[in-house]
Amino acid sequence: MAIKFERVSYQYQSIDKRGYLAIEDVTLSIAGEGEFITLIGETGSGKSTLVQHMNALLQPTEGRMNLFGIKIDKDTKRQKKVKLNPIRKQVGLVFQFPEYQLFEETVQKDIIFGPRNFGVSEAEAIKRAKEVIKVVGLDESYLKRSPFNLSGGEKKRVSIAGILAMEPDILILDEPTSGLDPMGRNALLKVFNDIHEKLNKTVLIITHDMNTVYEYAKRVLVMREGVLVYDGDPLQLFSRRNIENWNLETPEILKLQKALQSKFNIEIDNYPRSKKALFEAVKEGVKQ
Amino acid sequence: METIIEIKDLTFGYSSDQEVLKNINLSINKGEWITILGHNGSGKSTLSKLLIGLLKARNGTIRVDGLLLDENTVYDIRKKIGIVFQNPDNQFVGVTVRDDIAFGLENLQIEREEMIERIDSFSKKVDMFEYLNKEPQQLSGGQKQRVAIAGILAMETDVIIFDEATSMLDPKGRRKIMEYMRKLNEEGTTIITITHDMKEAVESDRIVVLKDGKILKTDTSTNVLNDKATLEQSNLELLLPLELLYYLNENHVDRKELKDYLWQLSLSE
Amino acid sequence: MKNIVIGRYVPGKGFLYTLDPRTKIIALLLLMAGTFIIDELIHMVVAIAMIGIILLIGKISIRRVYLGLRPLLFLLIFTFAFQILFNTQGELLYEMPLYYSPLTIGLVALVVVTWMLTKKYIRFKLIYFLIMVALSLFIFSTLNEPFVFGQGAFTVYEDALQMALFIMLRLIIIVTLSTILTITTKPTDLNLGLESVLKPLKIVRVNTEEIAMIISIALRYIPTLLDEANKIMLAQASRGVDFQEGKLKEKVMQIVSLLVPMFIISFKRSDELANAMEARSFVPGQPRTRLHQLVWKTLDTLVIIFAIGFLFGSIYIRVMV
């Protein structure tokens with residue numbers, strides 16, 4: 001396993017009150033390829049703190065992690081010998097707002113900034129920039145433009161390209177689709193799915209959109225008040241009764257399926273995860 | 001019905017060679033709940049800024065409550081229209097919740113006693129009374145938006161615009177804001193919701209669909225929600241039950257009670 | 001970054017909390033002026049004792065005041081040492097012979113090395129440092145053989161001692177008083193008080209209300225901006241920026257990678273904020289009513305009378321005695 005957490009807790013320091021536990025006793029592991037994971041939970045449940053551990057931006061105040069063979073615990077920060085920087089090449093983290101990272105005059109310069117920091121030659125970095133800009137669904141003409149004159153969705157894509165160019169094994173995205181309209185959201189989700197399927201990378205997305213969880217993810221992590229309360233299959237999660245207690249909504253596809261089944265007794269085999277599959281199943285079910 | 005906002009031939013552009021809004025004509029009734037629906041960059045937020053005079057129209061007129069919007073009337077018009085913006089952090093002016101609700105009242109030169117009264121009653125209305133002494137850092141995004149609503153309610157405006165006010169919130173925060181919209185509208189406040197989320201549009205009386213600065217369609221919610229062609233043209237999605245309804249129609253599946261049920265479902269979102 | 005809380009408002013009770021911020025600001029200025037006028041050590045001690053009593057009645061923990069003083073400790077010690085070493089006016093109070101020999105120099109070097117190696121394990125670093133200095137002086141002054149190749153003297157003159165003490169005590173008083181002000185007054189009240197104290201400046205066309213608005217917005221947004229700066233730093237660290245390392249050229253790049261996003265986000269923020277303020281009927285320069293109103297109480301009058309009394313008392317003593 002590329003990422004392994006063993007009873008990891010993290011306590012934020014603060015001066016007047018006693019520090020508060022942002023995440024508590026989290027144990028999990030994530031493979032370095034081929035996973036599509038979503039991470040959900042209310043605002044303030046510790047999602048961002050959790051992913052910031054995954055590329056060693058934060059180190060646990062309790063417990064241990066193993067990130068690509070590098071062991072990290074609460075003493076790691078003091079020992080200067082352990083280099084944390086290389087981990088960030090392997091675990092790419094895209095922050096929620098692209099404005100946090102874009103700063104160069106051109107998109108190309110911004111994309112090669114990451115790889116250059118990790119010692120990739122300029123020629124190679126530019127070559128990568130040309131590849132990743134297409135992966136995120138923009139064409140090469142964007143490379144010459146200023147990142148600040150792009151639309152919100154385009155900025156987001158450029159910021160993702162900047163991380164992809166580092167060629168990480170695991171790509172983590174913090175609420176990548178928030179604020180985008182339906183078209184923009186679907187297009188971006190398709191990009192993530194391609195990165196997952198074609199490049200065989202592990203993709204982890206923080207989201208509030210249960211439809212994304214249901215349609216795309218093979219695995220879902222649920223955080224609640226700093227505790228990892230669920231780690232497993234999305235379908236099993238949503239078919240449990242107490243998801244309302246966790247303030248989670250039922251994905252629309254599943255909601256519609258359940259409504260139709262209970263009202264009309266339409267037979268629908270299994271649980272279709274995409275609109276298309278559900279629609280076809282309903283059509284077949286009605287005909288019978 | 002009494003008209004509260006009347007927009008005629010409104011055109012706007014940030015520079016002379018582009019037009020963000022083209023020939024907008026729209027009248028909004030008192031007590032109505034109207035949704036302006038459009039994709040990112042369709043000009044919907046620009047429209048809201050024009051309505052409260054933060055931007056100046058190139059052509060056309062806006063009348064609010066009979067008053068023509070110009071340099072002289074803009075301050076009076078802002079007393080009639082309040083707006084909740086998208087980013088909760090960038091509209092919280094006060095150091096505490098109490099101070100923030102007071103901000104607008106201070107500007108209107110309301111007497112102190114009256115101010116205290118209004119702060120108490122309107123903070124209760126959005127369930128933020130217990131938080132009056134809290135600082136913005138101690139609040140969630142949803143709570144900050146509720147404070148913004150209280151700040152506007154306290155100013156006793158006739159119209160409230162929600163300019164993508166829920167887009168940065170989690171589902172719980174979003175649901176809560178929707179509840180207040182519903183409640184306020186029932187009590188007679190005119191509500192303008194600006195969004196690209198179909199689910200936020202369902203409950204409104206009418207929907208205006210914007211695409212690239214032009215109005216594609218203005219109609220009752222039921223008619224717009226059902227109009228696949230218009231929605232697709234403007235990069236929006238049908239609600240899922242309705243999408244299924246279309247699919248079944250296209251595939252010649254005829255079961256009336258199923259179709260009726262799908263309709264019901266889509267409206268009960 | 002979270003350390004910028006020295007002198008920050010600490011909720012509490014006591015008469016200092018109920019005072020009007022204007023009173024506190026004016027009293028602070030009067031008391032400070034008073035302590036600058038005093039030129040007798042004994043009067044200074046009385047002044048310090050008075051401040052001690054204020055702290056006691058106001059129930060303010062000495063530890064808080066000490067925390068406020070701590071950043072100045074270095075400055076205090078430096079001025080003290082500077083005066084003692086270089087001011088040679090007045091009566092010679094004390095002389096200590098110093099013997100320089102391989103043995104004494106070696107031993108002192110040993111002391112220095114021990115200090116450097118052990119200081120991180122010691123809690124009271126300052127006291128430890130002073131002990132080490134005393135030990136070094138002791139070594140230099142007592143071991144007068146063998147192989148003494150030079151001799152010096154450690155001298156203390158009266159003026160030096162007096163000046164050093166005065167500077168130190170004045171600094172302590174100033175810092176203590178301002179700490180009292182800032183930890184017992186909410187930033188909003190402080191701002192309101194400042195605005196009102198500065199009001200006379202309106203005559204010279206300084207818009208004090210606008211200044212107050214700017215300060216209040218700054219107070220509101222400093223935590224937000226710090227939080228944002230931190231996030232930007234993490235975002236760039238995720239792209240391989242190693243803020244601990246790098247050559248000069250890389251350092252410049254690192255700073256640019258922080259500053260550009262910071263500026264862009266702040267501009268956008270201020271733009272949106274201005275819109276939000278205008279939308280809520282804010283018009284710069286227009287009169288506004290205020291939710292927070294300062295209420296002057298009898299206690300405030302008493303405190304001001306006391307402070308004025310203190311100032312005149314010190315002038316009287318200086319001139320007449």
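Chain A is the first sequence line, chain B the second, and so forth, proteins listed ahead of strands; every chain is numbered from 1.
At most 12 heavy atoms of other shown residues, nucleotides or ligands fall within 6.0 angstrom of atom NZ in K172(B). Counting non-hydrogen atoms of other residues, nucleotides and ligands closer than 6.0 Å to NZ of K56(B) gives a total of 12 or fewer. Surrounding CD of E111(B) are at most 12 heavy atoms belonging to other residues, nucleotides or ligands under 6.0 Å away. No more than 12 heavy atoms of other residues, nucleotides or ligands shown are found within 6.0 angstrom of CZ on F263(C). For K8(B), the NZ atom counts as loosely surrounded, since its 6.0 Å shell holds 12 or fewer non-hydrogen atoms of other residues, nucleotides or ligands.
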### V95(B) vs K186(C), side-chain contact (heavy atoms from CB on, under 4.5 Å): CA-CA, chis, key distance, verdict
CA-CA 10 Å; V95(B) 180; K186(C) 281 188 200 148; over 6 Å; no
### Query
Could you go step by step and tell me if R290(C) and R112(B) meet the side-chain contact (heavy atoms from CB on, under 4.5 Å) rule?
CA-CA 7 Å; R290(C) 287 303 178 81; R112(B) 186 164 178 269; over 6 Å; no
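With hydrogens and angles disregarded, a donor-acceptor distance shorter than 3.5 Å links the side chain of E106(B) to the backbone of L291(C). Using modelled atom types, no side-chain atom of E278(C) and backbone atom of L54(B) make a donor-acceptor pair closer than 3.5 Å.
Between I110(B) and T289(C), the shortest heavy-atom distance links the atoms O-OG1, 2.7 Å. Residues G151(B) and R280(C) approach most closely at CA-NH2, 4.3 Å, considering heavy atoms. The nearest pair of heavy atoms linking I83(B) to A279(C) is CG2-CB, 3.6 Å.
Under the 4.5 Å side-chain criterion, counting only non-hydrogen atoms from C-beta, D99(B) is in contact with H292(C). Within the 4.5 Å cutoff, side-chain heavy atoms of D89(B) are placed close to those of R269(C). Side-chain contact between N107(B) and Q286(C): absent, with no pair of heavy atoms (C-beta onward) separated by less than 4.5 Å.
Heavy atoms closer than 4.5 Å to chain C are found in both the backbone and the side chain of D100(B). Heavy atoms closer than 4.5 Å to chain C are found nowhere in L55(B), neither backbone nor side chain. Using a 4.5 Å cut-off between heavy atoms, I77(B) makes no contact with chain C at all. Looking at S281(C), the atoms closer than 4.5 Å to chain B (heavy atoms on both sides) sit in the backbone and in the side chain alike.
In terms of heavy-atom pairs under 4.5 angstrom with chain C, the leader among Q91(B), Q109(B), K79(B) is Q109(B).
Rounding to the nearest 0.5 Å places CG of L273(C) at 10.5 Å from CG of N87(B). Summarising the geometry, atom CG belonging to N90(B) is positioned 12.5 Å from atom CE belonging to M277(C); distances are rounded to the nearest 0.5 Å.
Residues satisfying the ring-ring contact (aromatic ring centres under 6.0 Å, His included) criterion with F103(B), sequence neighbours excluded, are F282(C). Residues forming a side chain to side chain donor-acceptor pair (under 3.5 Å) with N207(C) (at least two apart in sequence, or on another chain): E210(C).
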